[in-house]
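One structure below.
In what follows, chains are A, B, ... by sequence order, proteins preceding strands, each numbered from 1. Remember, predicted model here, so these are calculated numbers, not experimental data.
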Amino acid sequence: MNSLVAIAYVPDTESKIKVGPDGSSIDESDVKWIVSPYDEYGLEEALKIRESKGAGTVTVVSVGPERVKTGLRECLARGADDAVWVDTGETKNLDALGVSKALAAVAKAATFDFFWFGQKGVGPDESLVGPMTAELLGLPHVANVVHLDVGEGKVTASREIEGAHEIVECSLPAILTAQKGLNEPRYASLKGIMGAKKKPIAEKKLADLDVPEADPAAAKARWRKLSLPAPRQAVKLIPADDPAAAAKELVRLLREEAKVI
Amino acid sequence: MATDRADYLDCDSLFTEEQRLVRDTVGTWVDEKVLPIIEDAAYEGRFPKELIPDMSAMQLFGSTISEYGLPGLDNVAYGLIMQELERGDSGLRSFVSVQSSLVMYPIYAFGSQAQKDNWIPRLGTASAIGCFGLTEPDFGSNPGGMRTTARKDGDSFLLNGAKAWITSGSIADVAVVWAKLDGTIRGFLVEKGTKGFSTFEHKGKMSLRASVTSQLAFEDCRIPAENILPGVEGLKGPLSCLTQARYGIAWGAIGSAMATYGAALDYAKSRKQWKDRPIAAHQLVQERLAWMVTEITKGQLLSWKLGSMKNAGTMKPHHVSMAKRNNVWVARECAKLARETLGANGVVNEYPVFRHLANIESVYTYEGTHDIHTLVIGEAVTGIPAYNPPEE
């Protein structure tokens, strides 16, 4: 069974984000980039399916500038067979629909049973690209998958919903978005890392795919302004020598200063 | 907490994409799996063998060997692994160093085909653990004085003597033991459970507490004649292994220094004393931090240069002495300065500083003491050995 896995290469979740001079993008100078953690669950599940079936391929796909190749290489080191890089060239901040159209174009040229996404790309946190790609391809889509049973031509997926799990059956090929809990992603082996360089990364240009959103003027969504959250206030410690007085003071502060009660 | 490798001069750019990926893979594993458990393991004096399956899956053992399905890493990538492991704990790095450089290396370099076929695959997955017996209770810096002997007796050898300070000694399935056969130092493979071979753990160790350190005793220990390492005679056998291990320690020590520097920097920035200003605002604290980051940077460059020479085949043992001597000293000084910066918090295991401080004392002494490496460099530049030169 063949899998495609979409990979977003995003700022490390520990990065201190700074707003760039244009006020509408992030300053990328000191950013460390990582494979989006939810995408790692998708990749791991694709690798596990290939291993359990003893056949098939896992292809990782990423849309972005040159640096995303490093992320693809990391996925190849973990066990993906090959990769597709859609070079966004001069286009910055491609919107979710643009990314989805690029990924759909790659998928149309491939034969696959699964197309995996993270349930969201860490950073923008939009959860749009998986479902949009499913619509563009006219394929069934299950979001927030935390468990998967693979049958003949179909899958049974357990997905997380508010306060419960929903069991969904769908035909293949399908688009699945991975949620934390689906599996525990493996570490690359050293031999995998050494072999990654020999695995192919096919290169496509965004400009050659049918993606009008590549032109910022045609994008459906644009980043207008970015601002950082207000710095956290210093913690106020209430001495607890007298619990009754401390409770009284806490209530007073919550009412008069924080104005939450 | 994101990994801070004190990369002041963009040393990152010296490494290839592959080398960085090796470092980041092992580094992420250290952050996720080692750091959460290592303080308790060290406090309890317990080797965390639950980490072995991950290390085996990542292929951290014998990683520079390319036969037997092993990864065949270059020496800089190998060094970066040692750096990351020791950023976790010197004991953990010691375990991997010994398995790779002191057990797999001599078997691979000096062993018979049968010995290699038997041991390298098992040691490579750590389904067998190895140890290296050179140092004796009475002979450390002068290993040529060793008293352990081997005597040929029919189709076997009889070993007699004792070894001390042996990393992984009591948990090892095979020991690479150096002993004098008719006055010449030779290597022998002794399997766990062989009659006349016993091990005892060193008790009361205040350093490398997450690593096993043992004495080995041989009392008419009879091993098959084919267990001798055929490929090397004399002190150059064990010394060539030590060159490999010391090379890794030069990198590892930088990892220890990164850990203590990182802890000191974080602490200094968050600890407030006067007027809500962090202690990092004080000149005396800044002086310590500036010293640490400068020395770590120099140490990184020294390791990288050494690794480049090892890759090119131009590295000599006296080059390794400079890096081991310098970088372990830097790590020791950084641990001390970090401890001072953390004040009382520097002595409790809520922070990693005291563990590194205690660990690095062993590293300062083992694998050629600081003093002996000083004399090796002295000999290299003057041509005069200041110590009694060992017999070859």
Inset, instruction - Please lay out, stage by stage, how B:I81 and A:L190 fare under the test side chain to side chain contact (heavy atoms under 4.5 Å, CB included). - result: CA-CA 10 Å; B:I81 294 175; A:L190 298 182; 3.5 Å; yes
Inset, instruction - For A:K198 and B:E18, run salt bridge (Lys or Arg N to Asp or Glu O under 4.0 Å): C-alpha distance rounded to whole Å, both residues' side-chain angles, the deciding distance at 0.1 Å, then the answer. - result: CA-CA 12 Å; A:K198 297 180 198 96; B:E18 240 165 42; over 6 Å; no
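When every heavy atom of B:L21 is checked against every heavy atom of A:I193, the shortest pair comes out as O-CD1, 3.8 Å. The two residues A:Y187 and B:D54 come nearest to each other via the heavy atoms CE1-OD2, 4.3 Å.
Crowding of A:K204 atom NZ: a count of heavy atoms from other residues, nucleotides or ligands under 6.0 Å not exceeding 12. By the 6.0 Å contact criterion, CZ on A:R255 is open, its count of non-hydrogen atoms from other residues, nucleotides or ligands being 12 or less. Surrounding NZ of A:K180 are at most 12 heavy atoms belonging to other residues, nucleotides or ligands under 6.0 Å away.
Side-chain atoms of B:L70 and A:K191, non-hydrogen and from C-beta on, never get closer than 4.5 Å to each other.
Comparing B:D24, B:L73, B:V26 by heavy-atom pairs within less than 4.5 Å of chain A, the highest count is held by B:L73.
Checked by atom type and distance alone, the side chain of B:Q59 never pairs as donor or acceptor with a backbone atom of A:S189 at under 3.5 Å.
Using a 4.0 Å cut-off between a side-chain N of Lys or Arg and a carboxylate O of Asp or Glu, A:R67 and B:E17 do not qualify as a salt bridge.
Contacts of A:R186 with chain B are absent, with no heavy-atom separation under 4.5 Å from either backbone or side chain. Contacts between B:D276 and chain A at a heavy-atom distance below 4.5 Å are absent for every atom of the residue. Only the side chain of A:A77 comes within contact range of chain B, with heavy atoms under 4.5 Å apart.
The CZ atom of A:R73 sits 12.0 Å away from the CZ atom of B:R20 when rounded to the nearest 0.5 Å.
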